[in-house]
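Some notes on the structure that comes next.
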Protein chains: 2
Amino acid sequence: MRLTHEQFRELAAKHGLAVTHQRQVVYEAVIASHGHYSPEDIYAAVRRRIPSISLATVYNNLRLFIECGLLREVTPHASTLRVDGNLEPHHHLVCSRCKSVQDIEGDFIDLKRLSRQLPVGFDLTQPLIEVFGLCRSCSAKK
Amino acid sequence: MRLTHEQFRELAAKHGLAVTHQRQVVYEAVIASHGHYSPEDIYAAVRRRIPSISLATVYNNLRLFIECGLLREVTPHASTLRVDGNLEPHHHLVCSRCKSVQDIEGDFIDLKRLSRQLPVGFDLTQPLIEVFGLCRSCSAKK
DNA sequence: CCATTATTTTATACTGATTATTATTCAATA
DNA sequence: TATTGAATAATAATCAGTATAAAATAATGG
Ligand SMILES: [Mn+2]
Ligand SMILES: [Mn+2]
Ligand SMILES: [Zn+2]
Ligand SMILES: [Zn+2]
């Protein structure tokens, strides 16, 4: 499942990125991981192939890849804690760009289908959903 | 919409919390905010009524209220960035306790109903959903 | 109401994740 | 191959949040 240098070269060209050895190895480490890992995890994996690489380079390139759409960010939230005093069951709409949160109501989840897809043991007693998209002002800007 | 001292006293008793002035004011600030605010935001609001309050007290009490179920946490994610190399459209199951992330597939979203509930201008071009619950090992422990 | 004890608050130090800075090295390209 | 702009590495700085310990306050029993 490892990309050849040629394949990465094409991807980079498509997005206007310079091809560096570090970039290639960082990208391949994420693709090979098949999971949802942190920059530190990726750093540890990449260091096995490039012991001299800097953690900052891993961060820089992960951010770059996310911006270009080569990778997906799994935690597209505000980076700080947010609290909600509204205990009525309700879901949230989160803006992927500005991280704002709005309430959303309504039964738009097919619980039957969802349950069918759940791995065994996963407890969904009170399902809480977040839907990501772009809020009004962010989609207007873009 | 402000709680009386008597009402907060009851809530605290129900959860075995000592009643302090700081606690009452922090709680009321969240309830009065009608939004999804950060500890710093709450701190700023509370300082208007208790100028000498410490930021640590705000953090302590917000955490306490979340644990007791008096407040809901809006950002129940791992506190560090996570990346995903899988660009196929798919959703995520997130464990509210250990923050692990699993992929989940399947059409369990009623897009018609969801669209009906969306505020105007919200761009849901490629809907990404996160479903929160307890993973197998965390629900077993509990 | 007062004294005792447990809890809470404050002030401050500390940690971990991430970003900024800058000198050096490297990739693109002519 | 030489030039030049971009990327990297090393390191300092920042920011959110947590830990610690002394001082203040709340709960409890007389
Ligand atoms: Mn809400
Ligand atoms: Mn995934
Ligand atoms: Zn937005
Ligand atoms: Zn878990």
Side-chain angles (χ1 to χ4, degrees), chain A residues 5-6 8-30 36-44 46-47 49-68 70-71 73-83 99, chain B residues 5-6 8-30 36-44 46-47 49-68 70-71 73-83 99:
Chain A
H5 280 237
E6 209 42 62
F8 181 77
R9 199 170 284 270
E10 278 172 33
L11 254 180
K14 201 172 84 180
H15 293 277
L17 305 179
V19 173
T20 68
H21 184 49
Q22 286 86 341
R23 252 168 216 180
Q24 169 135 25
V25 175
V26 168
Y27 182 74
E28 284 182 6
V30 178
H36 307 95
Y37 291 98
S38 69
E40 287 282 352
D41 295 330
I42 305 300
Y43 179 54
V46 168
R47 283 226 277 187
R49 289 177 64 192
I50 313 177
S52 64
I53 198 170
S54 157
L55 178 59
T57 297
V58 173
Y59 270 98
N60 287 340
N61 286 320
L62 290 179
R63 281 277 165 226
L64 186 72
F65 294 157
I66 289 167
E67 273 161 32
C68 292
L70 266 67
L71 298 180
E73 181 175 358
V74 182
T75 49
H77 263 298
S79 58
T80 68
L81 175 66
R82 297 299 153 93
V83 294
K99 320 300 188 192
Chain B
H5 280 237
E6 210 42 60
F8 181 78
R9 199 169 283 270
E10 277 172 33
L11 254 180
K14 200 172 84 181
H15 292 277
L17 305 180
V19 173
T20 69
H21 184 48
Q22 286 85 341
R23 248 166 218 181
Q24 168 136 22
V25 173
V26 168
Y27 182 74
E28 284 181 5
V30 177
H36 307 95
Y37 292 97
S38 69
E40 288 282 352
D41 295 330
I42 305 299
Y43 179 53
V46 169
R47 281 227 278 187
R49 290 176 62 191
I50 313 177
S52 65
I53 199 171
S54 155
L55 178 59
T57 297
V58 174
Y59 271 100
N60 287 341
N61 286 319
L62 291 180
R63 281 277 165 228
L64 186 72
F65 294 157
I66 288 167
E67 273 162 31
C68 292
L70 267 66
L71 298 180
E73 181 174 358
V74 182
T75 50
H77 262 300
S79 58
T80 69
L81 176 67
R82 298 298 155 93
V83 294
K99 320 299 188 190

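Note that these values count all heavy atoms, side chains included, but never hydrogens, waters or copies made by symmetry. Reminder, nothing fancy here: chain letters follow the sequence lines and each chain counts from 1.
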Q | Geometric class of the B/Phe65/B/Phe8 ring pair [parallel <30°, tilted 30-60°, perpendicular >60°] | A | perpendicular
Q. Between the side chains of B/Asn60 and B/Thr57, is a donor N or O closer than 3.5 angstrom to an acceptor N or O?
A. no
Whole-Å distance separating the [atom1] atom of [X] from the [atom2] atom of [N]:
| X | N | atom1 | atom2 | value |
| --- | --- | --- | --- | --- |
| A/Glu40 | C/dG16 | CD | P | 10 Å |
| A/His21 | D/dT8 | NE2 | P | 11 Å |
| B/Tyr59 | C/dT10 | OH | C1' | 16 Å |
| A/Leu17 | C/dA28 | CG | C1' | 14 Å |
| B/His77 | D/dA16 | NE2 | P | 19 Å |
| A/Ile50 | D/dA9 | CD1 | P | 7 Å |
| A/Leu62 | D/dT8 | CG | C1' | 15 Å |
| B/Leu64 | D/dA26 | CG | P | 16 Å |

Q.
Judged by each residue's nearest nucleotide on DNA chain C, which is more toward the 5′ side, B/Arg23 or B/Thr80?
A. B/Arg23
[N] OP1/OP2 closer than 4.0 Å to side-chain N/O of [X]:
| X | N | value |
| --- | --- | --- |
| B/Thr20 | D/dA26 | no |
| A/Asn60 | D/dA9 | no |
| A/Gln22 | C/dC26 | no |

Q) Is a salt bridge present between A/Glu73 and A/Arg63, judged by a nitrogen-to-oxygen distance below 4.0 Å? A) yes
Which one, [options], comes nearest to the side chain of [X]?
| X | options | answer |
| --- | --- | --- |
| A/Ala18 | C/dT10, C/dT18, C/dA28 | C/dA28 |
| B/Thr57 | D/dA10, D/dT18, C/dT10 | C/dT10 |
| B/Ala56 | C/dT9, C/dT12, D/dT8 | C/dT12 |
| B/Leu81 | C/dT18, C/dA27, D/dA19 | C/dT18 |

Q: Given side-chain contact (heavy atoms from CB on, under 4.5 Å), test A/Leu64 with A/Arg23 step by step and report yes or no.
A: CA-CA 10 Å; A/Leu64 186 72; A/Arg23 252 168 216 180; 3.6 Å; yes
Q: Report which part of the nucleic acid B/Ser38 touches: base, sugar-phosphate, or nothing (heavy-atom distance under 4.0 Å, all strands).
A: nothing
**Q.** Main-chain N/O of B/His77 paired with B/Thr75 side-chain donor or acceptor, under 3.5 Å
**A.** no
